[in-house]
Amino acid sequence: MNNGKELAAVMIRQGATMLHSPTVWLPDELVAAWEFKQTYGSEASFIAGGTLLQTNWVKNHAFPPHLISLAGIKALHGVGKELVHGETVIRIGASTTLQACRKESLLVQQAPLLEEAIRTIAAPAIRNRATVGGNVGGRFGDIIPALLAMDASLALFDGTDTRLVALSDWIKDSEPDRDSILVYVTIPEKSSARKEAYFYRKIGYRDAFSPSIVTISGYCYVNEEKKIEEIRLAVSGGTTQPQRLIKSEQKLISSCLTTEKKAIAFQSITAEFAAATDSFTTAEYKKTVAANLIISELMRLAG
Amino acid sequence: MNIPGQKKKIRPDGPDKVTGNLKYLTDLTFPNMLYGKIVRSALPHAEILSISTDEAVKLPGVQAVVTYQDVPGFNGFGIIFPDQPVLCKNRVRYLGDALAAVAADTEEIAEQALQLIKVDYKPLPVVDCPEDALRPNAPRLHPDGNILHHAHYQKGEVDQSFQDCSVIVEETYELPRQMHAYMETEGGVIVPEPNGKLTVYVGTQHGFKDRFQLARILNMPETDIRVVSSPMGGSFGGKDELNIQPYGALLALATNRPVKIHQSRQESVRAGLKRHPMKITMKTGVDKQGNLRAHKVKIIADTGAYATLGPAVLDFAVEHAPGPYMIPHIEIEGFSVFTNNGVAGEFRGFGGNQITFALEGQMDRLAEKLQIDPIEFRQKNLRKANDPGPLGQRIAPTNGALEVLQAIKQSHSEEALVWKAAPTEKWKKRGTGIAVTMHGGGLGVDRVDPAGGRLSFSKEGKIEVAFGFEECGQGLLGVIEALVMKEFACEASDIRMVIGDTALVPVSGSSTASRATSMVWHALERMKDSFRTQLFELTQLVTGISADQLEMGPGGIWRRGEATTSTLCVSFSELAEKMPNGRSIHVHTSFNFPTSPDATVGGSHFLYAFAAVMAHVEVDLLTGKVKVCALDQAVAAGPVVTPLGYRGQIEGGGVMALGYTLMEEAKMEEGIYLTDNFDSYWIPTICDVPYQMNVEAIEKLIEGDPFGPRGVGEIGTVAVAPAIARAIYDATGCWVKKLPVSPEFLLKSISLGEMKPWM
């Protein structure tokens, strides 16, 4: 293993010495990280902020013998602008912490929706550790709906190449490639042109530090004739994987938000949102709330 | 909160707590200390076929494994009936049941050893609701059946008098299982002493009771056990019963080494007590003029697998079923029922929270049907100063009920109207509501409820004040300090407080039932004159100044009328130095908590505190979510001892009850917790509570009342839920009868689920 440093992990759990300490690998290149994962397969897990993994361990999920830390890989760091296929995008390194996103002036100016989403996530101590990569890669993170509304893409490293995939496509994949490494997220710069056209709402079990019951986010641009010219709608929540509401978007595009359209939208959103009933809330509630919130936001923008 | 004549004072344990300097008992370590872990049942109900510890014993680093075979004394505990096995032999009745305990060199080894203990079970049918447990063919969970306790009270002719009522409301209310959610989970260190004795450094609300129960389990004389029980990182009733102490003690004795056990949050959820879930059916009738005539109540409480204080909680709910209202015809029946759910027991409010939600719900529904203002309706039916207590017993005369209602009405009614009428965000509706309650202090009549204290003049020249109470965060030390300073006009630095250590303190009874503040005051009242006299006699001996010329003051003894204006006659330290050999000053008192002279129902009370609550809520019509925007309380509990402590209890209690109302539920399915940690059991955050909460203290007592301050440890939690529920009705027209309030239920009830707002 070149490029890797081994570190005996102590103090991962409270108490005295661990019986079986996992090995923590600290690669400083993407390729090395990917190779470690190839070598150890299901015995290894990538780790960045560790906030999600730590909650899983507390729930007695298996603690892998190998942890591959992504903290030292430069390619995963930094926020900036770059040109992709002739279009300027904002690039957010996967290792960027949620808290850092809130402080980054480029993001504050160009992607205020992200700030709005991050504000609703967990608590300050967790936001200081948790990363954009972990939040997206965990597939249930609360920034995903906001990124979907902003038409974000993901840069994934598969061992040789880094390829760009639209987040809305990636999220549809029910069997994600666990070995790929999320390098960065991109948001089209033009997203910022119509800041006021975005919305984000998260409903939790309480007003702070709560997982989502329902999260909605969207983008809606209305022309002078009050017709919806562009629209993106996203939902997620709790055990429900985030999704773009493509069918509902199609029902609304190129039309005015009439009473009839609102009724159609309500029916369409509740039908399309694949919410599931869990021990605490029913699918019906999640669907109703998602539809109510989205339509209320559309009314604000296009009513 | 403004209490005239009282300055805000920092509590003595405050700085160390907020700076993290304070050592809790779970922070202690000792040389050679081992770590203990407890094997809890894998099934909520099963027969135990075998327990094998062979593999665990062999694991390097394991120093002892104990099972039921290693309990030298009585294998059971429970404050009222010791029906919970310390270590189960042939049957488990809930997931918290203990089967074995391990002491090892490290916590990890102990944990690994747990995995090596093999238990063979034969699963038995799980009884997961009290209604099922009451069916004739239900599995019997205990030898005497599934009813832990049946309580009944009757007055007048209730069924007949309903015929004379012009309006009757009947409703069933459902209350959830709430978790205490103390910051410090159960734990501590149990240390074997060289002389064969045992010191138990574990938080509890009644050190002497723990000592008694441990002696019975360990087959040791009580005097060989010392219980150090303070400080604690919260309890709220949850650490009143034994928790990890027996296991630590058995392991410490088996290894002759100190053993530390500190439960994880999950272990705490699994084994710890909860508030009783209750189903309460009330039928209440009024005459044409709006006078309450008849009140019929049925309570079914899910007490879980074992008794602890389940019977007393039910008795309390029965007693408070009529609350502060005068109703001529009453019938109350309650059942506390065993199930295979988590053990329910003592919890701040003690059955009062559940019953008051139902009772105040009835009052609001009746007022609404009668089209009378809810405050006016209550006022019409509330008890007067000399009226008997809820079960007809004589109580200390008090006008608290009317006073708190008046106070809430005066300071808040107008403000509430203005707030409600103010423009809101679109899709939000505002509402306001009030509720009233009375809450008994002390354990009640026919219960062993001793109190006592000791005042000494120490060799170091300190006024040493000792009580067998515990500091669990409620502010006991602040109370003792304030009362002693006030009585003896001394400085905080002149006082030494001794609490929470059975080796050092007198019997004072439990730090429960809103009784500690009240009992500290009573004890000082009984001891102060004798102590002062003895101190003056000593001063006369030492200084030659006549005792009748003296008074106590800051730092020592002063000439009467000259304290702080001239010089000290003698400082406390000088007085101690000059105290003749063989002379000492110790004043003891022991007495019982005051009880009603004519109460016929065991556990009914004599001293009560009162509260009225005003809640403002905003309901989101898109989501059904409720936001509490204001939560103000007026409390009548006699003189305020420490303003910050008082406010802390009422506000803190209010927030705890806000959680109970809107989000907290320790959900179980088939005897298994679905909410096994704080990532699924929600308690309010700072964002969920009103920015400012007002507390109004009504200090005035009936003229000649000799009973002083009543405790306020519980009263702030009791009437919050019904006030919020009434505010929700005001906002939405929807009556809530089940807690925690379900946004889903509200959303459906306000008929928005089906696109109503968009049409």
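Keep in mind that this is a model prediction, so the values were computed, not measured. Each chain gets a letter, A, B and so on, in the order its sequence line appears, and its residues count up from 1.
- Heavy-atom distances place no part of A:Arg300 under 4.5 Å from chain B, backbone and side chain included.
- No donor-acceptor pair closer than 3.5 Å links the side chain of A:Asp207 to the backbone N or O of B:Asp688.
- Here the rule is side-chain contact (heavy atoms from CB on, under 4.5 Å) with B:Leu622, and of A:Ile294, A:Asn292, A:Thr288 only A:Asn292 fits it.
- How far CH2 of B:Trp427 is from OG of A:Ser296: 7.0 Å, rounded to the nearest 0.5 Å.
- Crowding of A:Glu229 atom CD: a count of heavy atoms from other residues, nucleotides or ligands under 6.0 Å exceeding 12.
- At a 4.5 Å heavy-atom cutoff, the contact between B:Gln266 and chain A is made by side-chain atoms alone.
- Contact detail for B:Leu674 and A:Phe280: the closest heavy-atom pair is O-CZ, 4.2 Å.
- Heavy atoms closer than 4.5 Å to chain B are found in both the backbone and the side chain of A:Lys59.
- Between chain A and the options B:Pro684, B:Gly624, B:Pro743, heavy-atom pairs under 4.5 Å are most frequent for B:Pro743.
- Crowding of B:Lys429 atom NZ: a count of heavy atoms from other residues, nucleotides or ligands under 6.0 Å not exceeding 12.
- The main-chain N or O of A:Ser279 is found under 3.5 Å from a side-chain atom of B:Lys667 such that the two form a donor-acceptor pair.
- Heavy-atom pairs under 4.5 Å with chain B were tallied for A:Thr281, A:Ile213, A:Val58; the largest tally goes to A:Val58.
- Around the CZ atom of A:Arg129, the shell of radius 6.0 Å holds no more than 12 heavy atoms that belong to other residues, nucleotides or ligands.
- Taking chain A as the reference chain and counting heavy-atom pairs below 4.5 Å, the highest number among B:Lys426, B:Lys625, B:Met663 is found for B:Lys625.
- When atom types are taken as modelled, the side chain of A:Tyr285 and the backbone of B:Thr623 share a donor-acceptor pair closer than 3.5 angstrom.
- Both the backbone and the side chain of A:Thr282 come within contact range of chain B, with heavy atoms under 4.5 Å apart.
- For B:Glu744 (side chain) and A:Glu284 (main-chain N/O), no donor-acceptor pair under 3.5 Å exists by modelled atom type.
- In this structure, the portions of B:Ile683 lying under 4.5 Å from any heavy atom of chain A include both its backbone and its side chain.
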### Task
Any chance you could lay out the side chain to side chain contact (heavy atoms under 4.5 Å, CB included) test for A:Phe209 and B:Cys687, step after step, and finish with the verdict?
CA-CA 9 Å; A:Phe209 202 3; B:Cys687 299; over 6 Å; no
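- Using a 4.5 Å cut-off between heavy atoms, A:Val214 makes no contact with chain B at all.
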